[in-house]
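Written out below as structure tokens is the structure these notes cover.
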Number of protein chains: 2
Amino acid sequence: MTKSELQDLAQLLKALGEYNRLSLVYQLCGCKTPENAMCLCACCSVDASVTSRHLKALAQENVVKMEKRGRERLYSLNRSAVSQKLRALADAIDHSRQ
Amino acid sequence: MTKSELQDLAQLLKALGEYNRLSLVYQLCGCKTPENAMCLCACCSVDASVTSRHLKALAQENVVKMEKRGRERLYSLNRSAVSQKLRALADAIDHSRQ
DNA sequence: TACATATTTGCGCATATGTGCAAATATTCC
DNA sequence: GGAATATTTGCACATATGCGCAAATATGTA
């Protein structure tokens, strides 16, 4: 694990480690199709601008994918990318004792 | 997933989502026996007091276990507890679409 | 007792972060 | 074009966070 990889992983965990952002992720977990920000906004009781910023932060860490449709933005989880990183960390914690 | 569980998970991810704390965790990953704080401190280039606080934060989130031996404190990873939570999140992200 | 070692705590400081509001932007619909 | 809807951006603010230093505490050792 290089320093840069560790920094990236820390950034990912930090993005997930905020209650409203994690709520958005869990909300997206149950969506089979991409959802727009206003719909996602409903799950956390914050201003739409805050949700917008949280989704942007999640997109920057590649947790969610954003696509434009008309005047709305549709968000979906990058499921495998995120779960792979979480499992890799779990594996390291579980059995990397040498 | 209750609100309280989600808050707890967010707290755990926040604890892991800081570079120096994650470095400590990775350092502990490779330890087969508990290590003291000064030894762990070496892996991140910060003051001992900072390491002390980071280890305290990790202990509060039950990431590490602390035991006293003489004048030193020995830390070890709560491996299964942490990896289980990470895998549960990975599972939710992977295949909870209904 | 005196000193060394390991760790924590108090303090101040700089910066990051989460938030709401209002305004701006973009796009659709009438 | 003008109103409505969806989202972003600028701003200000309060709080949280990470950090180093110095002092305090705890414990082992000469």
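Throughout, protein chains are lettered first and strands after them, A, B, ... in sequence-line order, and every chain is numbered starting at 1.
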Connected to A/V50, directly or through other members, by ILVMFWY side-chain contacts below 4.5 Å are A/V46
Spacing between [X] atom [atom1] and [N] atom [atom2], to the nearest angstrom:
{"X": "A/N36", "N": "D/dT5", "atom1": "CG", "atom2": "P", "value": "14 Å"}
{"X": "A/R69", "N": "D/dT5", "atom1": "CZ", "atom2": "P", "value": "17 Å"}
{"X": "A/E72", "N": "D/dA6", "atom1": "CD", "atom2": "C1'", "value": "7 Å"}

- Message: Do B/M38 and B/L40 land in one hydrophobic cluster if side-chain heavy atoms of ILVMFWY residues count as linked below 4.5 Å?
- Response: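 Cluster IDs for B/M38 and B/L40 differ.
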- Query: For the hydrophobic clusters of this structure (ILVMFWY residues joined by side-chain heavy atoms under 4.5 Å, transitively), does one cluster hold both B/L74 and B/L77?
  - Reply: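 As far as the 4.5 Å side-chain criterion goes, B/L77 and B/L74 are not connected within one cluster.
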What is the nucleic acid contact for B/Y75, judged by heavy atoms within less than 4.0 Å: base, sugar-phosphate only, or nothing? sugar-phosphate
Residue pair B/V64, B/K56: steps toward the side chain to side chain contact (heavy atoms under 4.5 Å, CB included) verdict
CA-CA 9 Å; B/V64 301; B/K56 186 179 177 186; over 6 Å; no
Does any N or O in the side chain of [X] come within less than 3.5 Å of the main-chain N or O of [Y], such that one atom is a donor and the other an acceptor?
{"X": "B/S23", "Y": "B/Y19", "answer": "yes"}
{"X": "A/R79", "Y": "A/C29", "answer": "yes"}
{"X": "A/R21", "Y": "A/L16", "answer": "no"}

Are any protein N/O atoms closer than 3.5 Å to N/O atoms in nucleotides 11-18 of chain D? If there are, list each pair with its distance.
residue	atom	partner	partner atom	Å
D/dG18	OP1	B/R21	NH1	3.4
D/dG18	OP1	B/R21	NH2	2.9
D/dG18	OP2	B/R21	NH1	3.2

Along DNA chain C, 5' to 3', what are the outermost nucleotides having an atom less than 4.0 Å from a heavy atom of chain A?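 Going 5' to 3' along DNA chain C, contacts run C/dT17 to C/dT28.
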key: Under-3.5 Å donor-acceptor pair between B/S49 side chain and D/dC21 base   =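 Pair found.
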